[in-house]
There are 2 protein chains.
Amino acid sequence: MIHSTWRVQGEAKRQSILNAIPDKWRLKEPVPTLTEQRDVTGAYIQQFLSEREVEITESDAVDIVAETTAGRWSAVEVTEAFCHRAALSHQLVSCLHEIFFDAAIEDAKKLDAYFAEHNAPVGPLHGLPVSLKDQFHVKGVETTMGYVGWIGTFQGQREDPRRATKESELVRELRNLGAVLYCKTSVPTTLMAGETVNNIIGYTWNPKNRLLSCGGSSGGEGALLALRGSPAGFGTDIGGSVRIPAGFNFLYGLRPSSGRIPYESAANSADGQSTILSVIGPLAPTARSLTLLFKAVLTQEPWLHDPLALELPWRNAIVEETRSLIEQAKGGSSSLAFGLMPYNGVARIHPPIAHGLKLVEQTLKRLGHKVIPWNPPSHERAHEIAAKTFDMDGGADFRHHFSLSGETQAPQVIVQENGTQLTASEIAALNVAKREYQKEYMDYWNSTALSTGTGRPVDGFFCPLAPHAAVIPEQYKHVGYTSFVNVLDYSSVSIPVTFADKTVDVEKDSGLSEEYIDWDYFVANPDIDDADTYHGAPVGVQLVGRRLQEEKMLTLAEYIGEEIVRDVGRP
Amino acid sequence: MIHSTWRVQGEAKRQSILNAIPDKWRLKEPVPTLTEQRDVTGAYIQQFLSEREVEITESDAVDIVAETTAGRWSAVEVTEAFCHRAALSHQLVSCLHEIFFDAAIEDAKKLDAYFAEHNAPVGPLHGLPVSLKDQFHVKGVETTMGYVGWIGTFQGQREDPRRATKESELVRELRNLGAVLYCKTSVPTTLMAGETVNNIIGYTWNPKNRLLSCGGSSGGEGALLALRGSPAGFGTDIGGSVRIPAGFNFLYGLRPSSGRIPYESAANSADGQSTILSVIGPLAPTARSLTLLFKAVLTQEPWLHDPLALELPWRNAIVEETRSLIEQAKGGSSSLAFGLMPYNGVARIHPPIAHGLKLVEQTLKRLGHKVIPWNPPSHERAHEIAAKTFDMDGGADFRHHFSLSGETQAPQVIVQENGTQLTASEIAALNVAKREYQKEYMDYWNSTALSTGTGRPVDGFFCPLAPHAAVIPEQYKHVGYTSFVNVLDYSSVSIPVTFADKTVDVEKDSGLSEEYIDWDYFVANPDIDDADTYHGAPVGVQLVGRRLQEEKMLTLAEYIGEEIVRDVGRP
């Protein structure tokens with residue numbers, strides 16, 4: 001009985017999301033099957049849009065605010081275009097948890113009225129639609145985070161007056177900045193999965209190849225952005241949840257160090273676990289869009305409103321210094337140096353990932369930068385620290401939220417059955433182990449000053465985001481390529497590079513040691529030709545910087561990302 | 001049997017500390033009893049020193065480095081003077097755990113040789129002796145933190161190669177800066193007491209009134225500095241342990257927010273407890289000495305060597321801005337505003353503390369600053385959060401370290417017998433409760449912008465450091481006046497104000513509501529006339545600022561401290 005109840009509740013919520021799409025924006029024909037039409041991005045989705053809508057929605061956030069803050073594009077026109085495209089996106093890949101287009105268009109009208117009256121924008125994000133992962137509270141809509149038991153509640157609590165009235169601190173700041181909020185995007189229940197699946201919206205597919213996952217846990221963000229149903233959005237990352245969907249959807253994604261973007265009053269899993277803090281980061285199709293959002297939020301002085309935010313305004317001096325190093329490099333001197341770690345010693349990588357890293361290395365070398373092998377303290381240790389942290393309460397938080405509805409979970413959502421709670425002493429020992437690991441990693445980083453040739457340690461290092469490109473459902477086995485960054489609290493940016501290509505990957509020489517590569521890719525599963533299934537999957541890499549080096553990493557990501565395009569071509 | 005063993009071991013260590021004092025610096029006459037000679041500061045200790053030694057040791061750290069970095073005073077002469085005075089101090093109040101004068105003088109010789117060769121100092125602290133609480137590891141000496149079971153070990157671990165070889169990160173940085181390390185100061189076992197007592201050195205008395213405590217847990221620092229056996233030192237603070245001994249010894253003491261001074265590789269209690277982090281802060285007789293040390297350490301970029309340190313260099317812009325507000329105030333405009341909280345709603349204050357706060361208020365008003373009542377979220381809640389945090393492991397860490405020797409503890413060292421360990425879920429709930437408290441406090445602080453008249457929230461607020469002045473042994477019952485700052489992770493500076501005076505305090509009108517004052521002070525204990533016992537006890541107050549506002553708080557503390565002296569007179 002209870003099963004049917006939660007299925008009915010989930011189904012009703014799924015239907016209510018679809019119902020929020022105006023008739024005019026509904027697909028009239030049935031969506032082709034996954035195999036009939038793997039790729040629904042680009043030309044496929046454009047067929048449902050006007051030329052003007054395509055122009056607007058395929059502009060990046062920086063270009064959009066250039067128009068909206070100058071009053072050339074109205075907030076309403078921009079908002080409607082993105083609402084339309086987001087509606088289409090959801091119908092194609094099931095990427096939205098909340099749709100509030102009417103409120104968004106009302107807000108956009110107010111922005112236009114403000115501009116008409118003052119001949120000035122409300123703020124630097126005036127009229128920019130921004131999508132939000134379904135952890136942020138927005139007035140007028142609920143937050144389910146994929147839990148059936150949260151439907152009609154505030155974070156699972158019934159009769160709580162904060163339901164649909166409370167706003168997260170980031171939402172308040174985005175409104176101050178002039179951004180328009182219009183939808184919330186899908187997540188896997190628990191937020192602890194590299195795929196996006198729950199009992200409300202089902203499975204969120206990868207728009208570039210609908211046989212594959214959009215990643216997770218900010219998977220709805222990734223899918224929506226891949227379809228340009230949003231120009232930029234915010235996800236969260238405790239083990240890779242911004243960077244994975246960014247990489248799986250050919251996007252840029254920033255995992256800042258903790259304390260920069262305010263998490264205050266956002267919903268979360270296992271809130272209060274303080275060994276590894278989840279952080280909020282932006283995702284977008286261009287690196288400069290990440291910078292726009294990140295920098296804009298900092299102008300709101302989040303440290304005056306969020307006790308965990310640090311008093312660190314945007315530091316333009318770091319940007320200038322980084323640009324100066326880039327300019328010096330153009331002059332021929334070896335002023336930038338990067339580590340390269342194709343293999344973390346735990347999970348071998350698929351050939352398309354090896355190919356992506358090779359392309360990055362080629363670009364760095366063409367630019368005259370020093371590339372050194374990255375041989376840090378064991379990443380297996382980091383992986384174990386992260387795993388122990390995430391299981392600290394033995395799954396109690398997750399089980400509590402499942403129990404609210406009695407729902408059962410997809411196999412991708414792995415939760416311990418009555419696992420053991422760590423004690424205070426055990427958590428303290430874990431915190432010490434983590435700090436010692438961080439210290440060793442830091443010392444290793446410092447030690448590279450001896451081998452870069454620049455007189456300084458590396459400026460960052462490159463590594464995979466996962467062993468594979470956007471993954472085949474239920475095949476995501478190892479998150480250690482991203483979670484070590486969370487253990488270290490480092491700053492990291494996903495950079496899109498290329499696409500898996502069954503005709504190229506099979507024979508190409510990545511230049512990497514054979515032992516790093518998982519050749520089973522071509523032969524593993526008798527039922528699936530992986531190379532064929534993965535064909536077309538986006539391949540991203542990760543640029544990792546030291547803690548709180550967001551200004552530097554964003555500057556480098558923009559520079560290197562553009563140089564990769566110069567070599568690889570624009571998709 | 002085991003009892004006699006730990007008593008013998010503690011006694012042997014106590015004797016070895018005394019043995020490290022050269023004959024020439026030993027007191028030839030027996031030290032007078034506590035009642036015969038309450039106050040051993042000033043003229044009393046000066047009788048054992050040369051005029052030149054008094055001149056050197058009664059200069060503050062800023063004046064000393066002005067001489068040593070210019071080559072006018074040799075590092076050896078300065079070091080020897082402080083070694084001598086520290087030796088006397090220890091004989092008078094038992095404030096040292098480790099004495100390494102020989103190594104210090106050798107280091108000073110090297111500094112002098114460096115200056116002779118380069119005609120330049122090694123760094124901004126060239127030739128400045130700096131004392132350290134016995135949590136910092138210094139090569140050549142051990143760290144006991146007051147535990148008998150740590151004698152001959154590394155943090156209680158036998159046969160550990162780090163014993164007497166490992167150096168804490170702060171020690172490394174102080175050496176880089178040219179500081180001279182020469183002694184380590186006493187602490188209460190567990191570090192969780194407002195008095196300083198252990199089974200090695202016994203009880204550390206208050207030099208200004210040896211019937212009273214020097215405070216804790218950085219009590220040896222407080223006592224040594226009160227006697228000018230050190231120009232400046234570093235303590236740690238998780239519940240008030242820098243600010244209490246600063247207040248009890250008429251000193252300035254800074255409790256910075258976490259992440260500014262590197263804690264890496266220092267010994268600690270319950271290491272890995274991450275709800276409230278212990279922080280390192282300087283203590284000294286002048287505010288500008290705190291600034292000198294704090295600023296010097298930041299030049300070492302601790303964030304490149306300590307994973308918990310934040311990339312926040314000394315921000316001179318904040319100093320300039322604060323000075324500009326002070327200048328505006330001098331011009332008559334009401335540009336600075338302060339909260340005043342004489343009573344925390346939990347423990348009423350003794351009349352001398354009420355008197356001290358009244359003096360501060362008078363000075364602030366004379367200067368034309370707005371003073372508003374401070375009515376924040378309940379401090380009882382903060383006190384409960386702190387208490388729960390400190391007992392998180394049910395006393396397991398402390399009991400482990402006691403068990404190494406079997407030692408029993410003085411009554412001031414309160415440890416649960418087989419207390420209960422909190423689980424991961426309980427700790428998470430505690431972390432959430434703490435963050436919610438921090439958020440409410442932050443919102444309250446922001447809200448004061450409406451009542452200051454400056455258009456901004458208060459610039460800081462003043463409150464007691466404890467219900468009493470330097471305390472009668474075993475009478476320290478409530479640490480809530482300091483521990484709330486640790487819950488909030490705020491920046492705070494102890495400022496010395498006046499002394500308890502039985503002839504004045506009994507009748508004076510503090511102007512405070514009678515209900516805030518503990519009049520039992522005069523009648524409580526039939527055996528002790530508290531007003532008489534407390535006579536002469538230093539009275540300090542606390543200036544509390546927002547998180548990571550050390551530059552502002554140090555600037556304000558120097559300004560206000562000097563203005564208080566103008567009104568109250570110099571002791």
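In what follows, every chain begins at residue 1, and chains take the letters A, B, ... in the order their sequences are listed.
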ask   = What option among R547(B), H305(B), K439(B), M392(B) has the most heavy-atom pairs under 4.5 Å with chain A?
value = K439(B)
query = By a 4.5 Å heavy-atom criterion (distance strictly below it), what part of N446(A) contacts chain B: side chain, backbone, both, or neither?
reply = side chain
Non-hydrogen atoms of G272(B) and N431(A) that approach each other most closely = O-ND2, 2.6 Å
ask   = Is the backbone N or O of A428(A) less than 3.5 Å from a side-chain atom of Q273(B), with the two atoms forming a donor-acceptor pair by type?
value = no
task = Please look at W445(B) and chain A and tell me whether the side chain, the backbone, both or neither of the residue comes under 4.5 angstrom of a heavy atom of that chain.
result = neither
Donor-acceptor side-chain pairing of Q549(B) and E311(A) below 3.5 angstrom = yes
key: E436(B) versus chain A, the contacting section by heavy-atom distance below 4.5 Å   = neither
message = Do T423(A) and T423(B) have side chains that approach each other closer than 4.5 Å (heavy atoms only, starting at C-beta)?
response = no
inquiry  = I'd like to know which of K434(A), M442(A), Q438(A), R546(A) tops the heavy-atom pair count under 4.5 Å against chain B.
reply    = M442(A)
task = Sort D306(B) into side chain, backbone, both or neither according to what part of it lies under 4.5 angstrom from a heavy atom of chain A.
result = backbone
key: Per-residue contact mode, L430(B) against chain A (heavy atom under 4.5 angstrom)   = neither
message = Which one wins on heavy-atom pair count under 4.5 Å against chain A: L310(B), L304(B), L308(B), T420(B)?
response = L304(B)
request  = State, to 0.1 Å, how close R435(A) and P307(B) come at their nearest heavy-atom pair, and which atoms those are.
outcome  = O-CG, 3.7 Å
key: Which atoms of L312(A) approach chain B - backbone, side chain, both or neither, heavy atom under 4.5 Å   = side chain
